[in-house]
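In this text, all values refer to a predicted model and were calculated from it rather than measured experimentally. The sequence lines fix the lettering, A, B, ..., with proteins before strands; numbering per chain opens at 1.
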Protein chains: 2
Amino acid sequence: MEKINIKSLAEELNLSISTVSRALHDSYEISAETKKRVVELATKLNYVPNHHASSLRSKKSKMIAVVIPEVADSFFAQAINGIESVAQENGYHVLIYLTHESLQKEQAILKDFQCGRVDGVLMSVSAETTGALHIKELMAKGIPLVFFDRASDEVETARITTDDLKSSYAATQHLLESGCQKIALLSVSDSLSISNERMAGYKQALLDHHLSFNTADIVLCTNNEEQNLQRMISLLQNSNRPDGIIATVEKLTTSVYLACHSLQLSIPNHVKVISFSNLQSALLLNPSLTTITQPAFEMGRSAATLIFKSLKNKNFNLKGERLVIPSRLDIRSSTVT
Amino acid sequence: MEKINIKSLAEELNLSISTVSRALHDSYEISAETKKRVVELATKLNYVPNHHASSLRSKKSKMIAVVIPEVADSFFAQAINGIESVAQENGYHVLIYLTHESLQKEQAILKDFQCGRVDGVLMSVSAETTGALHIKELMAKGIPLVFFDRASDEVETARITTDDLKSSYAATQHLLESGCQKIALLSVSDSLSISNERMAGYKQALLDHHLSFNTADIVLCTNNEEQNLQRMISLLQNSNRPDGIIATVEKLTTSVYLACHSLQLSIPNHVKVISFSNLQSALLLNPSLTTITQPAFEMGRSAATLIFKSLKNKNFNLKGERLVIPSRLDIRSSTVT
DNA sequence: CTGTTAGCGCTTTCAG
DNA sequence: CTGAAAGCGCTAACAG
C-alpha cells in the first residue's frame, strides 16, 4: 500500500497540495464542493496527517507537558486525569515527565522544551528545587507555564493551589479541639511555598490557642522512606511524644502508621492523625484517618484550562492568575491499633 | 537573540551542517577534535535540537504512548511511574491517553498514531472494547504494541499480566477457609480476558471445595458509581446475602464499603472483603481489607522494557512474549463497622 | 574525516 | 477560489 499524504491526495483529485491542505483545515477560501471531495477521499483512504511535519512548519506542537515529582501519589494521578480530560476536549496531547524530586532532572526536562517540543507546560516543582532559572529561561522563549499545587515564588506566572494555610489551620484547630496537647507537623521541604503555607497555618493556629510553638515539633522528611520511618519512630517513642500529627503529604502517613504499629500505639487513641490527601476510595475505606482532601482533579482541570486559554488567546496574560481551590476537612475517628 | 540551530552552529564553526549533525550524534566518522569544538559551541550557545525536524526526517519520534482507561485508579498511577522511569532511562518521552473505557475514544487515539506520532504503544484495553481492528491496523503499520494488565485476545502481541486466575483462586480459597459460605464476585466486564481469568479462578476454587457455583453471585458492574452502589445494596440487603466478596477492581471496593456502611454491616464480621488493588499507602493504613496486591510498577517497567527492546532490536518478535508477574495476597482482618 | 544535496510532509506567503 | 514555490530544521545517502 502506497503511503498516503496530502500530496497523494492532491494528485488523485487533480488539485494542488495547498488546496488540499486548506480544505482539510476547513479554510474559508475553499469552495464547499472542493472541501467535500477532499474530505471524502481523505476518509476513504484513511488519511492520517503527519503531525511532525505540521509541527515543524507551523511551530505549534499541539502538545502540553505535565511535569510533576511523581505519580505514585494519588494527588497527581487525579490531577493528570483532570488535565488529560481538558486536553482531549481541546485537541491537545499530554506528555508526562517525572522529576522524582530531583532538580537536575527538572532542569534537563525543561531545557528540552526550549526547542518547541510542547506549546505549554503544567508544573509542580520538585521539593529539591530552589533556583528558578530553568523555569525563567523556558518562559523567556515564550512557552507559557502554569504551576499547580507546588509553585515557585521566584517565577511570575499563573498558579493553581489549594487553601493550604487555611486548611492546615483548620486541621491544627481540629486536633486542639479534640484535646491534643502537642501536635507535630510532618513536612517535606522548607523552601516550597506550599510547605511554608501549611507550616504557617499550623503555627497560627497554635498561637491563636495560646500555645507555644516548638521547632522540634516540625519534622522535615525526605524522599527516603526508611529514613522517614526511623524519624517517626524516634518522634513517637519519645516520652514527650506528640498526641497529634499532621502529615502535609499523603505518603508520610504510611510512615506514621507503620511507626505506630511497631510501637503499639493506637490511632487515634494515643495519637490523632490528619493527613493532606487525595485517596478517593482508600481513605474512604479507612475509618481512622481524618484527611484534608485536596481537589486534585479540579486543580488539574483548572491548570489545563488556563494554559489553553493562554494558548488560544495570545495576548492573555498568565501573570496575574491566582486560583485557590478549597480543600475539605474530612473528619473520621474510629480506632485502630 | 538569533535562533540557534545546527545551521548557525555550522556557520559559526566553518563546518558543514552535516558535520555538525554527525558530531552531535557522536558519529564515529568525525574527528575527536571537531566533535569537541562542536559540542563546546553547542553547550555555550545553549543549543537545543528541534525534535520535530528530526522526527520528520528520521521517521522516529522517540516517543511512546500509554493508552489506559483511567489514571484515577492507583494501579495505573504506579504503572505510569514504572513506564516513565524506563522511558527516561532510554531517552524516550511518554504520552498519556485516557480512554475512559470508551471504545470510540480508543479507536480515535490509536488512529492518530498511524502517522508515526509515536514509536510504540503500551496499552490496557478499555472494558468496552470488543473488536480489535483498530489495534491490528496500527500494528500493521509497523508500530509495536504491548498489552499490560488488560489484553485483547484477538491480537497477537506481547502481554504483561498478573496471575489473575491463580490469585482469584487464592482469594476465594482464603474466604472459604475463613468460613465463608456464600461468596460474591464483582466484575467489570464479561469480555476482558482479565475478567474471565479472575472469574475462572473463583469458579475453580468453589468447585474444588465442592461448592456449587451460582450465576447470581457474579455481579457485573459498570462505570457508573451510583448504579454500582445500588447493586451492592440490593446484593447485601438480600436475606440470602453473601458473607464474602471479591472485588476484581479496586474502585468497586468503595461501593462495597459504602453499602455496608449504609446497611450497618460490619467488615469483616458480617462480610469479608478481598479487593484486587494497588494502593500502597492507603490500604496499608486500612486494617480491614485483605487485598490482592498487584505489581503495577513492575508491570509498567516490564511492558516498557519490552517495547524498547523491540524498538532497538528491529527483528525482535513480540508475539511470543507472555510475562506473568505474580501478585500478592495481603491478609488483614481488623473489624470495621 | 568532511561537504553537497535531496528531501521528510506540511503550512503559508504570494500570485493569479 | 486555487496553484506555485519556498522553506521549517534535520538526516542520510553519496561523493570526495
Would you kindly give the NZ-to-P distance between Lys62(B) and dG9(D), to the nearest whole Å? 22 Å
Rounded to whole angstroms, how far apart are CG on Leu24(B) and C1' on dT2(C)? 15 Å
When the ring planes of His52(A) and His51(B) are compared, do they come out parallel, tilted or perpendicular, using 30° and 60° as the limits? perpendicular
Please classify the nucleic acid contact of Ile17(B) as base, sugar-phosphate, or nothing, using heavy-atom distances under 4.0 Å. base
Mind running salt bridge (charged side-chain N to carboxylate O under 4.0 Å, His left out) on Arg301(A) and Glu89(A) for me, showing each step along the way? CA-CA 11 Å; Arg301(A) 280 198 69 94; Glu89(A) 289 162 16; 3.4 Å; yes
Given atom CD1 of Ile30(A) and atom P of dT11(C), what is their separation to the nearest angstrom? 13 Å
Less than 6.0 Å separating the ring centroids of Tyr97(A) and Phe113(A)? yes
Could you tell me the separation between the CG atom of Asp153(B) and the CG atom of Leu192(B), rounded to the nearest 0.5 Å? 9.0 Å
Flag yes if more than 12 heavy atoms outside Lys319(A) fall under 6.0 Å of its NZ atom; otherwise flag no. no
Pick the closest DNA chain C nucleotide for Ser31(B) and for Asn5(A) by heavy atoms, then say which residue is nearer the 5' end. Ser31(B)
Taking donor-acceptor contacts at under 3.5 Å, does the side chain of Ser21(B) reach the base of dA12(D)? no
Between P of dC10(C) and CZ of Arg57(A), the distance in whole Å: 13 Å
Whole Å only: how far is the CD atom of Glu11(B) from the P atom of dT2(C)? 18 Å
Would you indicate, yes or no, if dT2(D) has its OP1 or OP2 atom less than 4.0 angstrom from a side-chain nitrogen or oxygen of Thr19(A)? no
Looking at residues 46-55 of chain A, who's got a heavy atom less than 4.0 Å off DNA chain C? Tyr47(A), Pro49(A), Asn50(A), Ala53(A), Ser54(A)
Decide, yes or no, whether a salt bridge links Lys62(B) with Asp119(B) under the criterion of side-chain N to carboxylate O below 4.0 Å. no
d(CG, Leu56(B); C1', dC8(D)) in whole Å: 9 Å
Using a strict threshold of under 4.0 Å (side-chain N to carboxylate O), is an ion pair present between Arg22(A) and Glu29(A)? yes
Between OG on residue Ser152(B) and CZ on residue Arg159(B), distance to nearest 0.5 Å: 7.0 Å
All heavy atoms of Phe148(A) vs all of Ala79(A), minimum pair found to be CE1-CB, 3.8 Å
Which pairs with one or both residues in residues 94-109 of chain A pass salt bridge (Lys or Arg N to Asp or Glu O under 4.0 Å), sequence neighbours excluded? Glu101(A)-Arg150(A)
Starting from P on dA4(D), measure out to CD1 on Ile6(A) and report it in whole angstrom. 14 Å
Identify each atom pair where a protein N or O and an N or O of nucleotides 14-16 of chain C are less than 3.5 Å apart, giving names and distance.
none

Establish whether the base of dT12(C) is bridged to the side chain of Ser58(A) by a donor-acceptor pair shorter than 3.5 Å. no
Asp26(A) CG - dT11(C) P separation (whole Å): 14 Å
Is the phosphate of dG9(D), meaning OP1 or OP2, less than 4.0 Å from a side-chain N or O of Lys3(B)? yes
Check whether any side-chain nitrogen or oxygen of Lys60(B) sits under 4.0 Å from OP1 or OP2 of dT11(D), and answer yes or no. no
Tell me which nucleotide among dC10(D), dA4(D), dT2(C) gets nearest to the side chain of Ser18(A). dA4(D)
State whether Lys59(B) places a side-chain N or O below 4.0 Å from either non-bridging phosphate oxygen (OP1 or OP2) of dG9(C). yes
